Novice: 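My structure is below; once you've seen it, I'll send some questions.
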There are 2 protein chains.
Amino acid sequence: MEQRIDRIKKQLHSQSYKLTPQREATVRVLLEHEDDHLSAEDVYMLVKEKYPEIGLATVYRTLELLTELKVVDKINFGDGVSRYDLRQEGAAHFHHHLVCLECGAVDEIQEDLLGDVEKIVEKRWNFEIKDHRLTFHGICHRCNSK
Amino acid sequence: MEQRIDRIKKQLHSQSYKLTPQREATVRVLLEHEDDHLSAEDVYMLVKEKYPEIGLATVYRTLELLTELKVVDKINFGDGVSRYDLRQEGAAHFHHHLVCLECGAVDEIQEDLLGDVEKIVEKRWNFEIKDHRLTFHGICHRCNSK
DNA sequence: TTGTGTGCAAAGCTTTTGCAGACCT
DNA sequence: AGGTCTGCAAAAGCTTTGCACACAA
């Protein structure tokens with residue numbers, strides 16, 4: 001935890017940004033809810049518990065900054081709000097998601113399953129891939145075993 | 001064209017919806033711009049050319065209806081607006097997208113490249129896949145050859 | 001006449017922006 | 001002092017909703 005904060009701090013400094021208390025509080029919330037796909041509003045509410053004076057705009061600005069630095073990925077499951085997902089450290093690619101149509105749960109697949117597909121796309125469509133987004137919609141194992 | 005409209009008409013009727021002139025005009029615009037990933041606003045402007053009295057709300061309501069009927073897919077490339085993409089007729093799966101980070105172009109891959117990946121996900125994560133979204137971000141062949 | 005569909009305007013949401021003040025160097 | 005950063009409130013999108021009217025069965 002502390003090491004990851006430290007590394008993010010260095011990443012900010014390297015672009016001459018500061019890790020202010022507000023930014024640190026926001027990052028901590030993201031680290032503590034790594035699997036949760038929080039919206040900006042969600043993050044705001046959680047940061048507020050520990051840092052009540054923070055403003056929603058600051059949270060948005062911080063999330064935008066972290067997105068730029070590729071500390072988080074901004075994703076969108078089609079429900080009108082952006083969600084923010086911490087990148088695995090050193091992960092070149094973006095992990096995949098399983099969205100359950102029944103219970104709404106979002107699970108993650110950290111493993112990269114697209115290696116072969118990407119080779120095909122790069123060769124056949126002559127497209128230089130920088131990143132990808134893969135989401136499956138369906139019924140999760142919990143709902144299916146009911 | 002006319003056959004496709006006809007089929008959509010039947011699909012609407014089967015759920016006791018009507019193909020009103022406004023809805024038909026909207027569907028025609030979608031058919032005429034099949035490769036374009038139009039936003040609701042885009043569709044509205046184009047429908048207006050042929051049907052100036054139409055209201056934006058009607059376009060939204062029609063697009064929502066068509067999404068329910070799975071005539072179109074609602075997608076989101078992360079720029080705050082929803083875009084609407086006609087499904088290939090009879091396509092069980094949703095096609096993939098290539099978004100160019102340089103020029104913003106969005107190309108489509110109709111071919112389903114995820115067969116093997118889906119088998120793995122269904123088996124290993126015990127997740128029953130209903131649909132998927134796959135988008136690659138990178139540099140398109142046009143920008144790369146410049 | 002009953003119900004569906006429409007256009008307009010208003011409202012609702014999420015997200016961004018302007019600005020004055022705070023903080024740090 | 002000069003820069004960055006923040007909180008608040010206002011503004012700016014996109015999308016949805018309420019309502020009265022039109023139209024068709």
Side-chain angles (χ1 to χ4, degrees), chain A residues 8-29 37-69 71-85, chain B residues 8-29 37-69 71-85:
Chain A
I8 291 168
K9 187 176 187 170
K10 280 179 191 135
Q11 228 176 321
L12 283 163
H13 285 167
S14 76
Q15 315 255 339
S16 41
Y17 293 115
K18 295 168 203 164
L19 185 64
T20 62
Q22 290 92 332
R23 288 177 183 164
E24 181 170 340
T26 305
V27 170
R28 281 184 189 279
V29 163
H37 308 92
L38 303 174
S39 67
E41 187 74 27
D42 294 337
V43 174
Y44 174 58
M45 305 283 264
L46 288 165
V47 175
K48 258 198 149 193
E49 290 175 10
K50 303 227 174 130
Y51 199 110
E53 326 85 275
I54 201 165
L56 180 54
T58 301
V59 171
Y60 271 104
R61 283 186 281 234
T62 302
L63 291 172
E64 194 194 343
L65 185 55
L66 294 174
T67 304
E68 259 174 49
L69 294 180
V71 172
V72 301
D73 279 299
K74 191 175 178 179
I75 42 175
N76 200 307
F77 294 126
D79 61 341
V81 295
S82 293
R83 298 175 179 283
Y84 298 85
D85 214 352
Chain B
I8 290 168
K9 188 175 186 171
K10 279 178 191 135
Q11 227 175 321
L12 283 164
H13 285 167
S14 77
Q15 317 256 337
S16 41
Y17 293 115
K18 296 168 204 165
L19 184 63
T20 62
Q22 289 92 332
R23 288 179 183 162
E24 181 170 340
T26 305
V27 170
R28 280 183 190 280
V29 162
H37 308 92
L38 303 174
S39 67
E41 188 74 28
D42 294 336
V43 174
Y44 174 58
M45 304 284 264
L46 289 164
V47 176
K48 260 202 148 191
E49 289 175 11
K50 302 227 173 131
Y51 199 110
E53 325 86 273
I54 201 165
L56 179 55
T58 301
V59 171
Y60 270 104
R61 284 187 280 234
T62 302
L63 291 171
E64 195 194 343
L65 184 56
L66 294 173
T67 304
E68 259 174 47
L69 295 180
V71 172
V72 301
D73 279 300
K74 190 173 176 179
I75 42 175
N76 201 304
F77 294 125
D79 61 340
V81 295
S82 293
R83 297 175 180 282
Y84 297 85
D85 214 352

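This structure is a prediction, so every number in the text was calculated from the model and none was measured. Note that these values count all heavy atoms, side chains included, but never hydrogens, waters or copies made by symmetry. To find a chain, count down the sequence lines: A is the first, B the second, and so on, and within it residues start at 1.
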Novice: Tell me, do B:Tyr84 and B:Leu66 make a side-chain contact under 4.5 Å, heavy atoms counted?
Specialist: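 Result no, sub-4.5 Å side-chain heavy-atom pair not found.
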Novice: Between A:His13 (NE2) and D:dT4 (C1'), how many Å, whole number?
Specialist: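 It works out to 12 Å between those atoms.
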Novice: Counting any heavy atom closer than 4.0 Å, what does B:Ser39 reach on the DNA or RNA strands: base, sugar-phosphate only, or nothing?
Specialist: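 The answer is nothing, as B:Ser39 stays clear of every strand by at least 4.0 Å.
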Novice: Would you mind reading off the distance between B:Ile75 atom CD1 and D:dT15 atom P, rounded to a whole angstrom?
Specialist: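 Whole-Å distance recorded here is 13 Å.
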Novice: What is the separation between atom CD on B:Glu53 and atom P on D:dC23, rounded to the nearest whole Å?
Specialist: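 These atoms are roughly 11 Å apart.
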Novice: Which distance, rounded to the nearest 0.5 Å, do you find between the CG of A:Asp42 and the NE2 of A:His37?
Specialist: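 It comes to 12.0 Å.
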Novice: Which parts of residues 17-25 of chain B get close to DNA chain D, meaning a heavy atom less than 4.0 angstrom away?
Specialist: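 Of all residues in residues 17-25 of chain B, none places a heavy atom under 4.0 Å from DNA chain D.
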Novice: Evaluate whether atom NZ of B:Lys9 has more than 12 neighbouring non-hydrogen atoms of other residues, nucleotides or ligands under 6.0 angstrom away.
Specialist: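 Counting other residues, nucleotides and ligands, NZ of B:Lys9 stays at 12 neighbours or fewer.
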Novice: B:Ile54 versus B:Thr26: any side-chain heavy-atom pair under 4.5 Å?
Specialist: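 Yes - at least one pair of side-chain heavy atoms lies under 4.5 Å apart.
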Novice: Considering only heavy atoms of chain B and a distance under 4.0 Å, specify the first and last nucleotide of DNA chain C in 5' to 3' order that meet this criterion.
Specialist: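 Under 4.0 Å from chain B, the extent on DNA chain C is C:dG5 to C:dC8.
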Novice: Any side-chain heavy atom of B:Leu56 within less than 4.5 Å of one from B:Glu41?
Specialist: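 Contact flag for B:Leu56/B:Glu41 side chains = yes.
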Novice: Is the closest side-chain heavy-atom distance between A:Val47 and A:Gln22 below 4.5 Å?
Specialist: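 Result no, sub-4.5 Å side-chain heavy-atom pair not found.
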Novice: Side chains of B:Leu38 and B:Val29: closer than 4.5 Å at any heavy-atom pair?
Specialist: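 In short, these two side chains touch, coming nearer than 4.5 Å.
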Novice: What is the separation between atom CD on A:Glu64 and atom P on D:dT6, rounded to the nearest whole Å?
Specialist: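 Result: 13 Å.
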Novice: To the nearest Å, give me how far apart OH (B:Tyr44) and P (D:dT15) are.
Specialist: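 About 14 Å, once rounded to whole Å.
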Novice: Taking C-beta and beyond as the side chain, do A:Ile8 and A:Leu69 meet within less than 4.5 Å on heavy atoms?
Specialist: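 No - every pair of side-chain heavy atoms lies 4.5 Å or more apart.
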